[in-house]
Structures are given as C-alpha cells and as structure tokens.
Amino acid sequence: MAQLDLVVEGVVLAPYFQTYVSVPPGPVPKGELLTRPEVSRPTEEFFSGLALDSQFAILEWQVDLQRRIQADTGSLVSINVHNRVVETDENRARFLALAATASAPTTFEFTETYPMPPVAASNRLLRDIRDLGHASALDDFGTGLNGMSLLTDYDFDVIKLDQSLVFDLPSRVEKQKTLRLMLEMLQVLGKQHIVEGVETEEVFDILKDLGYSSFQGYYFGRPQPVEELLSSSEGARS
C-alpha cells in the first residue's frame with residue numbers, strides 16, 4: 001500500500017489530486033497528482049533545493065501513489081517531474097526504470113523552472129517514455145523557461161497552457177485571438193492540450209468557443225487530499 005505522506009529532508013509532503021475536465025471526454029489523464037510541502041518558503045524554491053536522491057525518492061513515492069489511485073479509482077494520473085531528474089544519461093535511465101513500474105498509462109509533466117536537456121537527448125527520452133506506454137507533457141507553457149522552441153523542437157505529447165494566458169481573458173480580445181492561433185498551432189503540431197487556471201464559467205465558455213477541450217482549474221474543483229479521494233472511492237464500492 002502506498003504511503004500517503006512522505007518525509008523528505010525533514011519536511012512532510014502531502015499528496016493532492018486535482019481533476020481535469022475534457023469536453024467531450026478525451027485522451028488526457030483524469031487528474032494531476034500534486035505534492036505540497038509543509039514549508040513557509042515558495043514551493044518551487046523548496047523542490048529546486050533538494051538533493052537529487054530526494055528528488056528520486058519523491059518520484060518513487062508519486063509512482064506508488066499512482067498505482068494506488070489507479071487501482072482504487074480507475075483514474076489515470078499525471079505526475080510532475082523536476083527536470084533535474086533527467087539531466088544526465090545516468091539519471092534518465094534511472095527515471096525510465098522507475099517510470100516502467102507505473103501500473104497504467106501515466107503522463108509525466110516536465111516543469112518550467114529548470115532547463116530540459118538538449119533537444120536530441122530530450123527527444124530520445126520522450127520517445128522512450130512513449131515506448132513504455134506513457135506520455136509526456138510540457139507544464140506551464142507561456143511562463144518561466146518554456147518558450148516557443150520547447151513547443152516546436154521538443155516532442156512532448158501534451159502542452160499545458162499556463163494560467164497567465166487566461167488571466168483577464170474576458171476583457172482581453174487580443175488574448176482571445178492569440179489563444180485561437182495557439183490552438184491552431186497545437187493542432188498542426190499534433191499536440192494535445194490542457195488549459196490551466198480556469199476559475200470562472202465565463203472563461204470556460206470563451207475557451208470552449210475558441211475550440212479548447214481540456215481544462216484544469218478551481219472552476220471544476222480545488223485539489224483534493226488523496227486520502228479523501230481514496231476514501232470516497234472505498235465508500236462508493238461499499
């Protein structure tokens with residue numbers, strides 16, 4: 001049985017699950033496994049400062065949770081991966097060995113705050129992930145280090161559009177036009193998508209009118225503790 005909390009470098013990590021919504025239902029996973037450290041400093045600062053072995057310990061714990069969530073609820077899971085974990089050939093092999101233990105198709109989301117390996121090495125990794133039956137995602141496109149070259153040169157399966165791209169969308173006609181063109185580009189490139197940060201019905205309706213179909217945000221529900229997710233699943237079966 002997967003351990004629900006993890007202590008790493010003296011800090012307790014708590015797992016949460018945030019649902020994705022697809023209209024109509026599509027091939028993206030049903031939700032993202034989020035990891036929240038009990039620290040006062042920014043979350044990304046905490047994760048970036050961890051030792052590499054701690055990064056792998058977190059990833060192993062997340063894959064264990066993926067197996068538990070998939071077995072108990074049937075939900076396919078998306079997992080965040082800090083790019084340091086795949087920085088070298090040795091670490092990429094270590095990551096792939098761990099990814100191979102996932103019990104169902106899993107999407108591994110690569111973060112925007114640390115560089116990906118060079119294009120050739122990254123694309124070999126992304127193909128290897130696909131060969132294992134999993135998928136890869138570029139997280140938070142439109143912010144941090146995630147510029148256009150990551151979209152056009154790297155072979156990610158899913159592009160997650162950062163919430164900054166939909167902030168104040170109803171009053172920004174130019175943003176709506178940009179997002180329409182961005183969707184056309186994603187379709188030409190054969191990429192799936194998830195729009196992050198959808199918090200109101202108005203924004204949801206605009207994005208649907210623009211042609212978007214997969215979403216994440218507080219409008220559909222706040223992150224739920226994994227313990228509650230598993231408990232509700234057990235209650236539904238009893």
Side-chain angles (χ1 to χ4, degrees), residues 16-23 26 28-37 39-49 77-84 107-116 122 126 135-224:
Y16 289 77
F17 186 81
Q18 187 170 24
T19 300
Y20 294 150
V21 170
S22 294
V23 183
V28 298
K30 292 184 179 179
E32 179 180 2
L33 182 60
L34 304 170
T35 301
R36 291 183 174 176
V39 292
S40 57
R41 62 186 185 275
T43 298
E44 181 53 40
E45 179 183 314
F46 166 77
F47 283 116
S48 296
V77 175
S78 183
I79 293 175
N80 277 288
V81 179
H82 196 286
N83 294 354
R84 283 184 60 217
T107 299
F108 293 95
E109 298 185 10
F110 293 89
T111 57
E112 82 289 353
T113 55
Y114 196 87
M116 285 290 291
S122 287
L126 301 180
S136 63
L138 175 61
D139 197 16
D140 297 331
F141 176 71
T143 189
L145 298 174
N146 286 352
M148 189 60 68
S149 64
L150 279 174
L151 183 62
T152 57
D153 297 345
Y154 291 71
D155 194 20
F156 292 101
D157 300 298
V158 182
I159 306 299
K160 295 189 70 178
L161 303 182
D162 186 68
Q163 60 184 351
S164 63
L165 298 175
V166 301
F167 177 73
D168 66 8
L169 188 61
S171 63
R172 298 286 299 278
V173 175
E174 66 275 20
K175 268 193 174 183
Q176 297 177 30
K177 292 178 180 179
T178 299
L179 283 168
R180 187 184 299 277
L181 291 173
M182 190 173 293
L183 178 60
E184 292 176 5
M185 181 169 55
L186 292 174
Q187 291 169 336
V188 168
L189 294 171
K191 308 293 187 185
Q192 300 172 33
H193 68 266
I194 298 170
V195 185
E196 301 176 322
V198 180
E199 297 189 355
T200 67
E201 183 177 9
E202 185 176 16
V203 168
F204 181 43
D205 288 341
I206 290 172
L207 289 167
K208 286 191 297 181
D209 288 343
L210 291 174
Y212 288 92
S213 58
S214 298
F215 312 93
Q216 179 183 19
Y218 286 178
Y219 177 65
F220 311 105
R222 292 179 176 271
Q224 178 184 19

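The only option from R222, E196, E32, Q216 that meets the side chain to side chain donor-acceptor pair (under 3.5 Å) definition with Q18 turns out to be Q216. Test F108, Y114, F46 against H82 for ring-ring contact (aromatic ring centres under 6.0 Å, His included) and you get one pass: Y114.
Counting heavy atoms from C-beta outward, I159 and M182 have side chains that stay 4.5 Å or more apart. Side-chain contact between P37 and T43 is present, with heavy atoms from C-beta onward closer than 4.5 Å. Using a 4.5 Å heavy-atom cutoff, the side chains of T107 and D157 are not in contact. Residues L150 and F141 are not in side-chain contact: their nearest non-hydrogen atoms beyond the backbone lie 4.5 Å or more apart. V21 is not listed as a side-chain neighbour of Y219, based on a closest heavy-atom distance of 4.5 Å or more.
A distance of 9.0 Å separates CZ in F167 from CZ in R172, rounded to the nearest 0.5 Å. Between L210 atom CG and Q176 atom CD the span is 6.0 Å, to the nearest 0.5 Å. Remark: L179 CG to E184 CD distance equals 11.5 Å, nearest 0.5 Å. Atoms CD and CD1, on E109 and I194 in that order, are 6.5 Å from each other to the nearest 0.5 Å. Interatomic distance, T152 OG1 to M185 CE, rounded to the nearest 0.5 Å: 8.5 Å. Rounding to the nearest 0.5 angstrom, the gap separating the CG atom in L186 from the CD atom in Q192 is 11.0 Å.
In this structure, E201 places its CD atom where only 12 or fewer heavy-atom neighbours from other residues, nucleotides or ligands lie under 6.0 Å away. Heavy-atom contacts from other residues, nucleotides or ligands closer than 6.0 Å to NZ of K208 number more than 12.
Scanning both residues, V203 and L169, for their nearest heavy atoms gives CG1-CD2, 4.2 Å. Nearest heavy-atom pair across R84 and S48 is NH1-O, 3.7 Å. Minimum heavy-atom separation, P170 to E202: CB-OE2, 3.4 Å. Of all the heavy atoms in V195 and V198, the pair that sits closest is O-CG2, 3.8 Å.
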Check: Is there a side-chain contact (heavy atoms from CB on, under 4.5 Å) between L183 and Y212 once you walk through the steps?
Finding: CA-CA 7 Å; L183 178 60; Y212 288 92; 3.6 Å; yes
Note to self: Pair Y20, S78 - check side-chain contact (heavy atoms from CB on, under 4.5 Å), show working.
What the structure shows: CA-CA 10 Å; Y20 294 150; S78 183; 3.8 Å; yes
Check: Could you walk me through whether T178 and L165 pass the side-chain contact (heavy atoms from CB on, under 4.5 Å) check?
Finding: CA-CA 9 Å; T178 299; L165 298 175; over 6 Å; no
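Ring planes of F204 and F215: perpendicular class, angle over 60° (limits at 30 and 60°). Using a 30° and 60° split on the angle between ring planes, F110 and F156 fall in the tilted class, from 30° to 60°.
For the residue pair S214 and S22, a side-chain donor N or O sits within less than 3.5 Å of a side-chain acceptor on the partner.
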